[in-house]
2 protein chains.
Amino acid sequence: MQGYDKYAYEPFAVTVDLAVLTLRAGALHVLLVERGLEPYAGRWALPGGFVLPRESAETAARRELAEETGLSDVSGLRLEQLRTYSEPDRDPRMRVVSVAFTALLPDPPEPHGGGDAAQARWLPYDPGRPLAFDHDRILADAHDRVGAKLEYSCLATAFCPPEFTLGELQNVYETVWGVTLDRPNFRRKVLTTPGFVEPVPGAARLTGGRGKPAALYRAGDATSLHPPLLRPPREGRPA
Amino acid sequence: MQGYDKYAYEPFAVTVDLAVLTLRAGALHVLLVERGLEPYAGRWALPGGFVLPRESAETAARRELAEETGLSDVSGLRLEQLRTYSEPDRDPRMRVVSVAFTALLPDPPEPHGGGDAAQARWLPYDPGRPLAFDHDRILADAHDRVGAKLEYSCLATAFCPPEFTLGELQNVYETVWGVTLDRPNFRRKVLTTPGFVEPVPGAARLTGGRGKPAALYRAGDATSLHPPLLRPPREGRPA
DNA sequence: CAGCTTTATAGTCGTAACGACTATTACTCG
DNA sequence: CGAGTAATAGTCGTTACGACTATAAAGCTG
C-alpha cells in the first residue's frame, strides 16, 4: 500500500456475495436466486450485488440481505465475512472482486421476491449442485466455516429462534455436521458451559409435538466455547 | 451479483496488505515499512500494494511478500487470507478496498530494502503502536487470528525452521499467547497428537546452548489438532 | 383406556485428557 | 568440580467425555 503513488492500477468492480443458511424441516437450506441473463442464465447463484460508492462491504451485504430475504428487520442478524474471491477470470465479462459473507437465519422467512432477483428461493444445501460463477466453491467454504465455528463458538443459537429447546439446538449441530449426537451428553455439555444458554424464567415449556414437553432456553451471553464442543472425529483418521 | 446488468457501479482500487509475523529473540515481530509520502508520511505501515490486472489477491500478496522480505523462495510459505477491509474512508485519497493476508516466517530473514518501500524493518509487535490507515486494526486482527489458530491447527510449526526442538515450538505458543506453559505437559500434548511433529531420524540433537541437548523434530503431516491445544482460560471469566 | 412410541431429563461408569508437580539426566559456564 | 539450566521421565488427582441405562411425560393407536 505504500506504493500508491508509483504504481499504475486498474479499477475493479467490487461485489458482495451472500451465503445465507437456514434450517427448514430439519435440513440445511440455502438462499439462492435464479439468474435471468447470461452468463449462467438459468443457473442458481448466491444473492449479492455491487458495493455502492459510499458503502463498506458489510453495509452492502446487510442491504442485500434485507432486499433478498424481504425481512423487515435484518439488524439483529449475524453477518460474518467469509473470504474474498478475486481470481481474474471468475466472471467472464469483467474483473470482479467479491467479498463473501455468511449469514444464519433462525426460521425460514417465506421465500419472497423482493430485490432485483428474477426468483429467490430456499433450496436444500447440496454440495453437488453447480452454481453460477465460483459460487459453489463459496458456498462450500461457507459450509466448512460454519461447521468449524459450531465447535468453538456459540454460533449455533443463531440458527434458532429467540427461545428454543435443547433438542432444536442439537438439531443444528447434527444437521450442519451430518452426524448424530448422544442426547444426554449433548445436554450435559451445553448446560455445564457457562453462558451458552440460559433457561427462560417463566418455566415455560414447549409442548405440542409428541413426546415429553421440553424446557425453553435462550442464548446466553457467552460467545466462545471453552472447552469446545468437538465434532466426533472422522473414522479413518485417528483422533 | 445477479444485478450486474441493472446497477451502475463504481470502480474501486484493490490492494493487498500483509501482516508478516516472525519470532526474533523470543519476541513477536512484524514486518513494517515506513511511509515516505502523505498521507501518514513517516508512519509505519503494513507492506502491500495494488493487485495487478491479471492477478488474484493471493498472487499479488505472494509477489509483495517476496518483494518486501527479499526472500528468494517464498513459495513454501503459508499465506492466509485474513479479511477484507472496505470502509469508505479508510484511505483519504480514494476508495481503496484492501484484502489482508497473514504470513508466518520461521527465522528473521535480515531486514532488506527490496521492493519499493522507503524502508522496511522488523519491529516488535506492539498493539499500541499507531500505524498508517487502519493498519493497526488489521495487525490486531491478524494477531487474534494467529493466536486462535494455534489452538486447533498445527500452524505453530510455520514459525519454526524445518527442524526444531520442542522448546522452540513451545516458545511460539508462549510468545504469541503471552503466557507460560508447563513444559512437561506441553511436551506430552505435542507428542501424543499423531502427526503434529515427527522425530528427525538420525537421532540428531541440538546442543550448543546451556542445558541438556534437545531432540530435533519436523512438522508432521497433520494439519489440524484434535483435540485442540487450548490456551489457559483467562482469569476473571470462568472456563 | 391400555399400551406403544416418542422425546426430554436424570444419572452412572469407565477412560482419556489435562493441570500441577517431582525427579532425573545431560549439558555449559564459571 | 559444583552451580545453573534446560530436556526428559513419570506420578497423581480432577475434569471432561463417550457409552449407556433409567425414568418421566407427552401423543398416538387401537
Output yes when at least one side-chain N/O atom of [X] is less than 4.0 Å from OP1 or OP2 of [N], else no.
{"X": "B:Arg210", "N": "C:dC27", "result": "no"}
{"X": "B:Lys189", "N": "C:dA17", "result": "no"}
{"X": "A:Arg187", "N": "C:dA8", "result": "no"}
{"X": "B:Lys212", "N": "D:dT5", "result": "no"}

Whole-Å gap separating [atom2] ([N]) and [atom1] ([X]):
{"X": "B:Glu168", "N": "D:dT8", "atom1": "CD", "atom2": "P", "value": "11 Å"}
{"X": "B:Phe186", "N": "D:dT8", "atom1": "CZ", "atom2": "C1'", "value": "14 Å"}
{"X": "B:Leu230", "N": "C:dA16", "atom1": "CG", "atom2": "P", "value": "19 Å"}
{"X": "A:Arg231", "N": "D:dC17", "atom1": "CZ", "atom2": "P", "value": "16 Å"}
{"X": "B:Phe164", "N": "D:dA6", "atom1": "CZ", "atom2": "P", "value": "20 Å"}
{"X": "A:Arg188", "N": "C:dG11", "atom1": "CZ", "atom2": "P", "value": "13 Å"}
{"X": "B:Gln170", "N": "D:dA7", "atom1": "CD", "atom2": "P", "value": "8 Å"}
{"X": "B:Leu169", "N": "D:dA6", "atom1": "CG", "atom2": "P", "value": "17 Å"}

Could you check which of D:dA16, C:dT9, D:dA26 has an atom nearest any side-chain atom of A:Pro213?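 Nearest to the side-chain atoms of A:Pro213, counting from C-beta on, is D:dA26.
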Quick check: does any side chain N or O of [X] sit under 3.5 Å from a backbone N or O of [Y], one acting as donor and the other as acceptor?
{"X": "A:Arg83", "Y": "B:Arg83", "answer": "no"}
{"X": "B:Asp136", "Y": "B:Leu131", "answer": "yes"}
{"X": "A:Glu174", "Y": "A:Leu181", "answer": "yes"}

Between A:Tyr152 and B:Tyr152, is the ring centroid distance below 6.0 Å?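 Distance test on ring centres: under 6.0 Å, yes.
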Do the two ring centres, one from B:His143 and one from B:Tyr125, sit under 6.0 Å apart?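 That pair passes the under 6.0 Å test.
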Aromatic rings B:Phe196 and B:Tyr173: how do their planes relate, parallel, tilted or perpendicular, breaks at 30° and 60°?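 Ring orientation of B:Phe196 relative to B:Tyr173: perpendicular.
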Judged by modelled atom types alone, do A:Asp141 and A:Tyr85 share a side-chain donor-acceptor pair under 3.5 Å?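 On atom types as modelled, these side chains qualify, holding a pair under 3.5 Å.
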Scan residues 172-184 of chain B against DNA chain D and write down, sorted by residue number, each residue with any heavy atom closer than 4.0 Å; if none is found, say none.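 Residues of residues 172-184 of chain B that come under 4.0 Å of DNA chain D are, in numerical order, B:Arg183, B:Pro184.
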Of B:Gly211 and B:Asn185, whose closest DNA chain D nucleotide lies nearer the 5' terminus?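 Comparing both residues, the 5'-ward one is B:Gly211.
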